[in-house]
Amino acid sequence: MTERTQLFPKVGALLHGGDYNPEQWLDRPDILKEDIRLMKKAHINTVTLGVFSWAVYEPQEDEFHFDWLEQIMDRLYENGIYTVLATPTGARPAWLDEKYPDAMRVNRDGVRNRHGLRHNHCMSSENFRRRVEIIDRKLAKRFGKHPGLILWHISNELGGECYCPACQERFRNYLRAKFDNDIEKLNHAWWTTFWSHRFTSFDQIEPPFSNGEGSIGGLNLEWRRFNSWNMTDYMKFEINILKELTPDIPVTTNFMKMYGMLDYRQMAKELDVISWDSYPRFQNDYESLWDTFAENAFDHALMRSLTGGKPFMLMESAPGLVNWHPFNKLKRPGIHSLAGIQAVSCGSDTVQYFQWRKGRGSFEQYHGAVVDHLGRDDTRIFQEVTQMGEELEKLREVAGTNVEAKAALLFDWDNRWAIFDMAGLSKEKKQYEQTCLLQYKSFQKLGIEMDIVSMCDDLSRYPVVVAPMLYLLKPGAAENLRNYVRGGGQLIATYLTGYVDENTLCWLGGFPGDSLTELFGLYSEEIDTLYPSDRNRAVFADGAEFEIRDFAEILKVQDAEVLASYGEDFYAGTPVVTRRKEGQGTAWYVGARISQEGMEKIYRICLKEAGIAGRPMPEGVECRVRKAGEETYVFYLNETEQAVSISGEKGTELLTGRTVTDQITLKPLGAAVIRRSI
């Protein structure tokens, strides 16, 4: 049985709060006083301070001002509000860039940035790191023992890349270490005899500048890996300073969805708590509300999986609208509570916002906040945030419980980068991220919770694993998959599996490579890219037919059972869906991009063989479970405009306190959380 993992025992509850920027209001003590009153009214129990405060902390080099922060933290703590304290390194003061221009990044064109914006430091700059160490040490020594401090927050939304001379040299040293200082190993791995691109020295290698080398897949992939390594190294630099001085205070940094430029799995290894920023485009004009929530749930599941199953943090969300979407639509009534409860249902022990109070000027002056420019506590947004705070207090016993998934989906940044850079198939239709999301949505429809894991993770606890478009195989990945199936797992792989190794060199002897042809009992001889107007069909033995678009592999079956065949084109009648027993498990192969209805047919067959009974919900309804010890909490979310009834539950509904004996009715855009009776 799973035990509780309390992220913040000092608080002993779900956190409710967000980014607070009192430094913008130091000339308005009346507003600072009012903020405390409003926070208490909105049931706020934590705030994040100091995210972009460097210029106020240190207006000139080595001139420090922290008294205002201490006064704010003291006042918050006296009123039962805890502090997440950020290092201020997400944006630099002007004096720093003026004196130390190497702190500013160089872009892909080779041009040094000017001062401005944010998240634009050079990770390799020694001068920047020196100033970071000074400010971080000052903060840790001054506030590390403050009774209100519960978490360090490193910088903010780390991202981007730098092409400066220092980063170039670190890249070369990174390559020297990876390839044992042997340039011929690199040449072989990158296949540089093509186009006469062979290197004779590591000193000749440059990052993929916009006007430079961009045609070597291995180089492009290693640059992305290096960028993740370099950013992680920088993050560890900050973490080590704080851990030296405050070893008992946990550390986080806020991630951003499936951010494309950094491998979050590498960064997550260095963090005590995983947190992320969620800004869905609710009630847009291109998908259902359920679809929007499902994508958000996928992102929550990814963050939860980075923790190894422990609770995570929703660090930022919008209390109302944002200011940077293509269309900044208001959150409709009811959406805010539904989104917050969804986060908790997926494993978050926090609901936090950007931002507490709207600023009067600059870029985010129109970004949503709990307190509007009106400054009132009777606005719709403030009232909905207050309701969220009340609901989180009613759910406090859920804190520290865990989400148990019965299936997993393989998603790897290396694989993503390699597919993106692949010169083949279709630039527009590869859609790796969208394909992964569609499979997650299908399992949600079938009532099965999924984790989002790596190809090299321990898969043994999942009865079913789905591996969409596993183009790149890391060392050990193929053996990991074989062992998973032999041990009783159900593995479902698709077209484009196992084409290249970790350096993007094609496997020889047939795809899927690295001996996976034996596991699946087939090999792919060719892959056909269909025009948008082209269609094919997957015809199953029971007569069911499902549409095929975009990609279709021509498979040669050696030792597998054929479940469906192509219905059209010169390869009509050849296999498209197969399965093969291996040890105690089964390896399934789907050789084409079949409609999701077709994929769901395959999943239902597979789940039945795995002995997993899903619990499909009415259309537009989510159901999730969190557990710890003997306690089970069931979350129902109605993402439709109609009331929905659910039967088969017994327990206590925590949001209302009512006893449930069988049936519950969810209001439109409503939720219920049931402590299930044993």
Side-chain angles (χ1 to χ4, degrees), residues 409-412 415-416 418-440 442 455 465-473 477-478 481 491-501 504 506-507 509-514 516-517 519-532 534-540 545-558 560-580 586-603 606:
L409 185 143
L410 302 191
F411 173 85
D412 272 273
N415 188 50
R416 177 190 199 179
I419 291 174
F420 176 81
D421 199 51
M422 172 193 184
L425 302 183
S426 163
K427 287 186 177 180
E428 297 179 358
K429 290 292 185 177
K430 285 184 282 190
Q431 298 175 336
Y432 173 62
E433 298 91 338
Q434 296 93 320
T435 301
C436 288
L437 177 58
L438 283 172
Q439 311 323 304
Y440 179 86
S442 286
M455 68 181 81
V465 170
V466 181
M469 302 174 69
L470 195 59
Y471 172 68
L472 178 146
L473 294 175
L481 297 178
L491 173 66
I492 305 173
T494 75
Y495 55 93
L496 208 65
T497 291
Y499 278 46
V500 299
D501 68 7
T504 72
C506 284
W507 295 100
F511 306 144
D514 203 8
L516 287 182
T517 52
L519 176 64
F520 293 103
L522 54 77
Y523 63 90
S524 173
E525 185 173 282
E526 298 181 83
I527 184 167
D528 194 9
T529 300
L530 309 183
Y531 278 91
D534 290 336
R535 299 290 184 274
N536 206 317
R537 293 175 296 128
V539 182
F540 284 77
E545 297 185 2
F546 299 95
E547 187 175 76
I548 291 172
R549 297 190 183 193
D550 301 334
F551 306 116
E553 286 182 327
I554 301 175
L555 303 177
K556 301 297 183 181
V557 172
Q558 298 171 312
E561 177 188 0
V562 177
L563 301 182
S565 301
Y566 288 106
E568 308 291 345
D569 222 315
F570 72 92
Y571 41 91
T574 64
V576 62
V577 180
T578 68
R579 67 181 170 191
R580 179 179 176 274
T586 305
W588 304 67
Y589 198 87
V590 183
R593 185 169 283 176
I594 298 174
S595 69
Q596 282 309 114
E597 292 80 9
M599 293 301 298
E600 287 164 18
K601 176 182 177 68
I602 296 166
Y603 295 149
C606 178

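All values derive from a computational prediction rather than experimental measurement.
- With no hydrogens or angles considered, no side-chain donor-acceptor pair links Y589 and R579 at under 3.5 Å.
- Going from atom OG1 of T529 over to atom CG of D534 covers 10.0 Å, rounded to the nearest 0.5 Å.
- The two residues Y440 and L409 come nearest to each other via the heavy atoms N-CD1, 4.0 Å.
- Under the side-chain hydrogen bond (donor to acceptor under 3.5 Å, both in side chains) criterion, R549 pairs with E547, sequence neighbours left out.
- Across all their heavy atoms, I419 and K430 have their closest contact at O-NZ, 2.8 Å.
- Note that CE of M469 and CZ of F411 are 11.5 Å apart. Values are rounded to the nearest 0.5 Å.
- Looking at every heavy atom in both residues, N415 comes nearest to L470 through OD1-C, 3.7 Å.
- Between the side chains of R593 and T494, no donor-acceptor pair is found at a separation under 3.5 Å.
- Side-chain atoms of T497 never come within 3.5 Å of backbone atoms of A493 as a donor-acceptor pair (strictly under, hydrogens ignored).
- Atom CD1 in I548 sits 5.0 Å away from atom CD1 in I594 (nearest 0.5 Å).
- Here the side chains of T578 and L563 are not in contact, with every heavy-atom distance at 4.5 Å or above.
- P512 approaches F520 most closely through the heavy-atom pair CG-CD1, 3.8 Å.
- Of the inter-residue distances, the one linking Q439 atom CD with E600 atom CD reads 9.0 Å to the nearest 0.5 angstrom.
- The shortest side-chain heavy-atom distance between L522 and P575 does not fall under the 4.5 Å cut-off.
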Test side-chain contact (heavy atoms from CB on, under 4.5 Å) applied to L496 and Y432, step by step: CA-CA 11 Å; L496 208 65; Y432 173 62; over 6 Å; no
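- Between V590 and I602 there is a side-chain heavy-atom pair separated by less than 4.5 Å.
- Two residues are said to be in side-chain contact when any heavy atoms from C-beta on lie closer than 4.5 Å; L410 and V466 fail this criterion.
- Each of Y566, Y571, Y495 was compared with V576 under the side-chain contact (heavy atoms from CB on, under 4.5 Å) criterion, and only Y566 meets it.
- How far CG of D421 is from CZ of R416: 13.5 Å, rounded to the nearest 0.5 Å.
- Not one N or O on the side chain of W507 forms a donor-acceptor pair closer than 3.5 Å with the backbone of D514.
- A distance-only check finds a donor-acceptor pair linking the side chain of D412 to the backbone of M455 [under 3.5 Å].
- Here the closest non-hydrogen pair linking D528 and L530 is OD2-CD2, 3.5 Å.
- In this structure, CZ in F551 is found 6.5 Å from CD1 in I527, a value given to the nearest 0.5 Å.
- For S426, there are no side-chain hydrogen bond (donor to acceptor under 3.5 Å, both in side chains) partners two or more places apart in sequence or in a different chain.
- The shortest side-chain heavy-atom distance between L555 and F511 does not fall under the 4.5 Å cut-off.
- Contact detail for A592 and A552: the closest heavy-atom pair is CB-CA, 3.9 Å.
- Aromatic rings from F540 and F546 are positioned such that their centres are separated by under 6.0 Å.
- Residues C506 and Y499 have side chains not in contact (no heavy-atom distance under 4.5 Å, counting atoms from C-beta outward).
- A salt bridge is defined here as a Lys NZ or Arg NE, NH1 or NH2 lying under 4.0 Å from an Asp or Glu carboxylate O, and R580 with E561 fails to meet this definition.
- Put simply, the side chain of D550 never gets that close to the backbone of K429: no donor and acceptor are under 3.5 Å apart.
- Between the Q596 side chain and the L438 main chain, a donor and an acceptor come within less than 3.5 Å of each other.
- No donor-acceptor distance shorter than 3.5 angstrom exists from the side chain of E525 to the backbone of K556, with no hydrogens or angles considered.
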What verdict does the side-chain contact (heavy atoms from CB on, under 4.5 Å) test give for I554 and S524, after you've listed the backbone C-alpha separation in whole Å, the side-chain angles of each residue and the deciding distance to 0.1 Å? CA-CA 6 Å; I554 301 175; S524 173; over 6 Å; no
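- Judged purely by atom type and a 3.5 angstrom limit, D569 has no side-chain atom pairing as donor or acceptor with the backbone of A572.
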